[in-house]
Visitor: 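Below are the structure tokens for one structure; questions will follow.
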Amino acid sequence: MTEEKRTELAKGYEHRDVEARWGPFWRERGFFHADEKDRSRPPFSIVLPPPNVTGSLHLGHALTATLQDVLIRWKKMSGFNTLWLPGTDHAGIATQMIVEKELKKTEQKSRHDLGREEFLRRVWAWKEKYGSRIGEQHKALGAGLDWERERFTMDEGLSRAVREVFVRLHEEGLVYREKKLINWCPDCHTALSDLEVEQKDAEQGELWSFAYPLVDGSTEVVVATTRPETMLGDTAVAVHPDDERYRAVVGKKVRHPLTGRELPIVADAILVDPKFGTGAVKVTPAHDFNDFETGKRHGLAQLTVIGPDGKMTAEAGPVAGLDRFEARKRVKELVAEQGLDRGTKPHLLAIGRCQRSQTILEPLLSDQWYVRIEPLARPAIEAVEQGKTRFIPEQWTNTYMAWMRNIHDWCISRQLWWGHQIPAWYCPDGHVTVARETPSACGLCGKGPLRQDEDVLDTWFSSALWPFSTMGWPDRTETLGTFYPTSVMETGHDIIFFWVARMMMMGLHFMGEVPFRTVYLHPMVRDEKGQKMSKTKGNVIDPLVITEQYGADALRFTLAALTAQGRDLKLAKERIEGYRAFANKLWNATRFALMNLEGFEASPGAGAEGRTAADRWILARTQRAVNETVAALEAFKFNEAAGTVYHYVWHELCDWYIELAKEALYGEDAGRKRAAQGTLVHALAAALRLLHPFMPFITEELWHVLRAKVKGDAWPDSILAAPYPAVGPVDEAAERAFQPLLETIDAIRNVRGEMNIPPRAPLSIDIATEDPVIRGAFDADGGVIARLASVSHTELYAAQSTRPAPTSAVAVCSGFEVRVHFGHAVDVAAELARIAKEFEKLEQDLASIEKKLANPNFVAKAPPEVVEKDRLRAQELREKRGKLGVHRDMLSGAERPPRAAGADRRDVMETNNPNDPSKPTPAQPASQTTMEQAQQVISTVAEVGKAAVSAVVAGAERAFEKIEKAMPARKPAKKAKAKAQARKPARKPARKATKAARKAAPRKAARRSVKQGKKPARKVARKPARKGGQRR
RNA sequence: GGGCGGAUAGCUCAGGGGUAGAGCGUCGCCCUUACAAGGCGAGGGUCCCAGGUUCGAAGCCUGGUCCGCCCACCA
């Protein structure tokens, strides 16, 4: 590849060029070819849920592809022998309807005009024409599927598996044919399974009552129905056996007003609820599921009055030939004409509709094939109970169980042409022969010719076999031996019954083993408004439209980042844009590295001796990111994995480390340079590998470019062949050691922002700490502060600094204090306001924590480590408060601490900053506040408390005026002053000030710094104020 | 009629008995030689309501309210 020679990158990331490059590269080199003979590596297999062959992928498919590809690439890089098996589903009804529609449109013909054979030819042609689009889409998404193993549910091999399963189940008595009531779609002209019936919200309908006169003329029985047309099929009237009102008429007969037939009055405790309506029910065994059962209990006739086309049959007498809804009106008229109408009431009812056509379904009596499901369901329940298959998120286990425990026999025959024709043949005598291959004569009587059952099997029948039929079953293939059971079934929770449950049953029955160890059910993808994407709503998005615009990597990353467990996923384009920017960020980080790798040595450990604290810090952070990412992936927490890498790359590697490393990279010190280069390459390479499963294209591209530059042994010619970063111990000491420096930079930046000091205006700072460890950190690596915070001059003190307050701001950090000198008078009011906010925050935190510690129950009952932590925390807060108080008092002029004898200045770090206009006044040998003095101030401050703040501020304003007068040449910047003015009112409402105080500098500083171990240092006490009750 | 999920910053959503988070958006300052698809900073919360358990509840329990979703043959 020519790009391997490139060692420079374009300024911005252009996904189009890059993405076109790597798909073919991976495929040509067979990276995704699974090797069933390789037993040296542990297997990891996923079968792709087969999309509808004539369909086009939507974002739900993109999510499926993304998550599975993440798993596959991650596992592959982690040393697994991976198989990801693609394929498509023939999707019986859906496909047939598409082709029929097209046929109607272009040729004005129905499938019957063409005949079965010709129609099927057309469907196959359609499949060939459009079936490839799915593959193209998957490839565009970067899906690492093993295309050599692509399957189609109507392939010869899979069809053989279907026949085998059907025949075997039939032999075992688990497939049977029976005349029963089924859900029939008059539009699609086929039977449906229970699952294909959709119950929408209750629809407004009517409950119509009419009277059946008794044959003996003694009285009448009033019944009610929501479906008047079915009364023509009534073959009885039922009442409750205990119902006194009807005791006398049970056993008698009523006369049908429209046909004259006589109908028995039966007593049935199951069907009839005496409290509903009149307590009498018309019974229509051939058109209602309850009535069907009732009819069987009482041996009632089954009278079919509605035909498969939805029109009334000849049996319907006066309304024969009418459409069922026409008949509904007509029946009411006819009954009314006889004076038997007893009124109509509005009534809410649930209506079953066809999942495909939305047509109102008709319960119809017909011969269909069924799978006896209970014997198959039992092992499938047990397998989950025993943990052989695990659902993630766990809550789906209940859903699965509830359905499985209440499962009905599965109607598997469909009156369609497109699909697996049922391998059953009928002889002239009507005997059924079920066989794997076309039989020549009746298995029972030996007669011929035989006629094959015209129906086909439910699409989901073949889908149920997918995990093993695709691997060559019924043959005992090596592929099955290596890759079955599959490792993970990843699919949407909407098909848990249609597909997951049925795969479980079939897998267990025919393979004797669950089809997958883990079922990960992902959320549904919705549009920005939270609506389900559907063709009818017109909000379906083709993933390719997005990949074209933003790049496949951005789309993939977005989908992964939004896939939290247990909730639907709303896709907003802002989010995708954000992750496209992330790709660009990664691109530029690599670009930066390439520009700064002259003299890089690839040998392992090179430059280790020159490493700075910053180097050790990012190495530790890298390891932490690796650990967290891997842990998240193992738990299927895609959003956490994505979020971890994102944060690491952007906010640690880019925002911090690259900036930190510039000094060494640009500098002359060869040792340090080498160390920084090595560290940068290590961190970047880790980032690329961590990210690869999520963003395969850009990471592969950058891998190659980087590889060409560094020429190391550890750089295989594809990132896919590189190992996924390994989990390992984190150098927590390195993290801790560097923390004060990060915190200092944050603090200075915060002061700048708050005080409106331009980012590059050089500043002089003092750092004061009594902690030798922290002091050591500043000694060794304090230089980074100069660069990242534009500091020109730093002095270190062993204790609190007392340089003249009016020209400085202070930030109290954990274990040290930073004084920022401006070289001119500070905006005292602004600084005091800033301190006031912070002070109040400290007060609040301290109050809440002290209250806790004062509670004997807390001390006695809470875990000792929690108590100890709070004690330390309280101590720290008190310290900070004290220091801040001193500063505030100095600034406000309210109290000026006496100078202590003897300078404690320990060190001065000069930073060469060419722009430095005004070297700060050479530091006076700074005086020191002794601990005693500090304590005194602390206690004073504590007493003065919050109420004093405004007074102090007022004092400060006076002081400010004085200063301004005294130093006319050093007026604060106009803007700063204006800002100070603007801020004044904000101080007044206590509520607002409190709120603001919560956002005080230390917290912010901590937030900017990065997570530290389990308990992030950034989390400075921040109990909501309302607890303290101070806000009122 | 059952069952399941959700309600947290302006928006979209993570989190989850011990110091309330992210992305986007908003505001301010920066064209700092990797990146303006950028950098730095700031503002922004009654974690739906009411009880309860607990030393401690946004989280756990109970009961509500309002949104989703799934299942179910009530004429």
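Atom set for the values below is all heavy atoms of this structure, side chains included, hydrogens, waters and symmetry mates excluded. Order of the sequence lines sets the chain letters (A, B, ...), proteins ahead of strands, with each chain counted from 1.
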Visitor: Side chain of Asn639(A) only, heavy atoms from C-beta on: which candidate in rA14(B), rA75(B), rA37(B) is closest?
Guide: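 Output: rA14(B).
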Visitor: When we call it a touch if two heavy atoms are under 4.0 Å apart, what does Thr399(A) touch: a base, just sugar-phosphate, or nothing?
Guide: nothing
Visitor: Show me, range against range, the stems involving RNA chain B, built from at least 3 consecutive Watson-Crick or G-U pairs below 3.5 Å.
Guide: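 Looking at RNA chain B, the stems formed by three or more consecutive pairs are B:1-7 with B:65-71, B:10-13 with B:21-24, B:26-30 with B:38-42, B:48-52 with B:60-64.
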Visitor: Which atoms form the tightest heavy-atom contact between Thr558(A) and Ile576(A), and what is the distance?
Guide: OG1-CA, 3.4 Å
Visitor: Out of rG5(B), rG23(B), rG41(B), which has the shortest distance to the side chain of Gln395(A)?
Guide: rG5(B)
Visitor: Without decimals, in angstroms, what is the distance between Arg873(A) CZ and rG56(B) P?
Guide: 22 Å
Visitor: To check you understand the geometry: which heavy-atom pair defines the closest contact between Gly12(A) and Asn584(A), and what is its length?
Guide: CA-OD1, 3.6 Å
Visitor: If you measure from the P atom in rC55(B) to the same atom in rU8(B), how many Å do you get, rounded?
Guide: 30 Å
Visitor: Under 6.0 Å between ring centres, would you say that holds for Tyr400(A) and Phe497(A)?
Guide: no
Visitor: Consider the side chain of Phe497(A), meaning its heavy atoms from C-beta on, and name the nucleotide among rC70(B), rA75(B), rG5(B) that approaches it most closely.
Guide: rC70(B)
Visitor: Measure the distance from CG on Asn183(A) to C1' on rA72(B) and round it to the nearest whole Å.
Guide: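 Nearest whole value for this atom pair: 13 Å.
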Visitor: So what does His347(A) touch, heavy atoms closer than 4.0 Å: a base, only the sugar-phosphate, or nothing?
Guide: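 Counting heavy atoms under 4.0 Å across all strands, the contact made by His347(A) is with sugar-phosphate only.
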Visitor: Roughly how many Å apart are rA58(B) and rC47(B), using the C1' atom of each and rounding to a whole number?
Guide: 4 Å
Visitor: Quick check on side-chain contact (heavy atoms from CB on, under 4.5 Å): which of Val283(A), Thr235(A), Thr230(A), Leu300(A) does Asp291(A) satisfy it with?
Guide: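 Among Val283(A), Thr235(A), Thr230(A), Leu300(A), the one meeting side-chain contact (heavy atoms from CB on, under 4.5 Å) with Asp291(A) is Val283(A).
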Visitor: Which salt bridge (Lys or Arg N to Asp or Glu O under 4.0 Å) pairs, counting each pair once, include a residue from residues 392-405 of chain A, with sequence neighbours left out?
Guide: Glu385(A)-Arg405(A)
Visitor: Measure from CZ on Arg575(A) to C1' on rG25(B) and round the result to the nearest Å.
Guide: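 After rounding, the reported distance stands at 13 Å.
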Visitor: Tell me whether the OP1 or OP2 atom of rU54(B) has a side-chain N or O from Lys861(A) closer than 4.0 Å.
Guide: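 No, because none of the side-chain N or O atoms of Lys861(A) sits under 4.0 Å from OP1 or OP2 of rU54(B).
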Visitor: Taking the six-membered ring for Trp, is the centroid-to-centroid distance between Tyr212(A) and Phe210(A) below 6.0 Å?
Guide: yes
Visitor: How do Trp403(A) and Leu562(A) order along RNA chain B: which one's closest nucleotide is nearer the 5' end?
Guide: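 Residue closer to the 5' terminus by nearest nucleotide: Leu562(A).
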Visitor: Can you measure Glu577(A) atom CD to rG23(B) atom C1' for me and round it to whole angstrom units?
Guide: 12 Å
Visitor: May I have the distance from Lys570(A) (atom NZ) to rC69(B) (atom P), rounded to whole angstrom?
Guide: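 Taking NZ of Lys570(A) and P of rC69(B), I get 12 Å after rounding.
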Visitor: Looking at Trp650(A), does any N or O in its side chain come under 4.0 Å of the phosphate oxygens OP1/OP2 on rG39(B)?
Guide: yes
Visitor: Could you go through nucleotides 31-36 of chain B and list every protein N or O atom that sits under 3.5 Å from one of its N or O atoms, giving the distance for each pair?
Guide:
{"from": "rU32(B)", "atom 1": "O4'", "to": "Arg760(A)", "atom 2": "NH1", "distance (Å)": "3.2"}
{"from": "rA34(B)", "atom 1": "OP1", "to": "Lys662(A)", "atom 2": "NZ", "distance (Å)": "3.3"}
{"from": "rA34(B)", "atom 1": "OP2", "to": "Tyr666(A)", "atom 2": "OH", "distance (Å)": "2.8"}
{"from": "rA34(B)", "atom 1": "O3'", "to": "Arg591(A)", "atom 2": "NH1", "distance (Å)": "3.3"}
{"from": "rA34(B)", "atom 1": "O2'", "to": "Asn588(A)", "atom 2": "OD1", "distance (Å)": "2.7"}
{"from": "rA34(B)", "atom 1": "O2'", "to": "Arg591(A)", "atom 2": "NH1", "distance (Å)": "2.5"}
{"from": "rA34(B)", "atom 1": "N6", "to": "Cys654(A)", "atom 2": "O", "distance (Å)": "3.2"}
{"from": "rA34(B)", "atom 1": "N6", "to": "Glu659(A)", "atom 2": "OE2", "distance (Å)": "3.4"}
{"from": "rA34(B)", "atom 1": "N3", "to": "Asn588(A)", "atom 2": "O", "distance (Å)": "3.0"}
{"from": "rA34(B)", "atom 1": "N3", "to": "Ala589(A)", "atom 2": "N", "distance (Å)": "3.3"}
{"from": "rC35(B)", "atom 1": "O4'", "to": "Asn588(A)", "atom 2": "OD1", "distance (Å)": "2.9"}
{"from": "rC35(B)", "atom 1": "O4'", "to": "Asn588(A)", "atom 2": "ND2", "distance (Å)": "3.3"}
{"from": "rC35(B)", "atom 1": "O2'", "to": "Asn584(A)", "atom 2": "ND2", "distance (Å)": "3.1"}
{"from": "rC35(B)", "atom 1": "O2'", "to": "Asn588(A)", "atom 2": "ND2", "distance (Å)": "3.4"}
{"from": "rC35(B)", "atom 1": "O2", "to": "Lys585(A)", "atom 2": "NZ", "distance (Å)": "3.0"}
{"from": "rC35(B)", "atom 1": "N3", "to": "Lys585(A)", "atom 2": "NZ", "distance (Å)": "2.7"}
{"from": "rA36(B)", "atom 1": "OP1", "to": "Lys11(A)", "atom 2": "NZ", "distance (Å)": "3.4"}

Visitor: Could you pick out which residue, Val866(A) or Leu271(A), lies toward the 5' side of RNA chain B when each is mapped onto its nearest nucleotide?
Guide: Val866(A)
Visitor: For the pair made of CG in Asp494(A) and P in rC69(B), what is the distance, rounded to whole Å?
Guide: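 Rounding to the nearest Å, CG of Asp494(A) and P of rC69(B) are 13 Å apart.
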Visitor: Take the protein atom CZ of Phe582(A) and the nucleotide atom P of rG38(B), then report the distance between them rounded to whole Å.
Guide: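 So the two atoms are 12 Å apart, to the nearest Å.
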Visitor: Regarding Glu206(A) and Lys345(A), does a basic nitrogen lie under 4.0 Å from an acidic carboxylate oxygen?
Guide: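 Result for this pair is no, no salt bridge flagged.
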Visitor: For Val867(A), report the nucleic acid contact type (base, sugar-phosphate, nothing); a contact means any heavy atom under 4.0 Å.
Guide: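 Since no nucleic acid heavy atom lies under 4.0 Å of Val867(A), the category is nothing.
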Visitor: Starting at atom NE2 of His493(A), determine the distance to atom P of rG6(B), rounded to an integer number of angstrom.
Guide: 12 Å
Visitor: Do you see a donor-acceptor pair shorter than 3.5 Å between the side chains of Thr284(A) and Lys282(A)?
Guide: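 Yes, Lys282(A) and Thr284(A) have a side-chain donor paired with an acceptor closer than 3.5 Å.
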Visitor: Where the side chain of Pro863(A) is defined as all heavy atoms beyond and including C-beta, which of rA75(B), rA14(B), rC55(B) is the nearest nucleotide?
Guide: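 Minimum distance to the Pro863(A) side chain belongs to rC55(B).
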Visitor: With ring pair (Phe, Tyr, Trp, His ring centres under 6.0 Å) as the test, pick out the partner of Phe582(A) among Tyr13(A), Tyr550(A), Phe557(A).
Guide: Phe557(A)
Visitor: For the pair Arg871(A) and Glu876(A), find out whether any cationic side-chain nitrogen is under 4.0 Å from an anionic carboxylate oxygen.
Guide: no
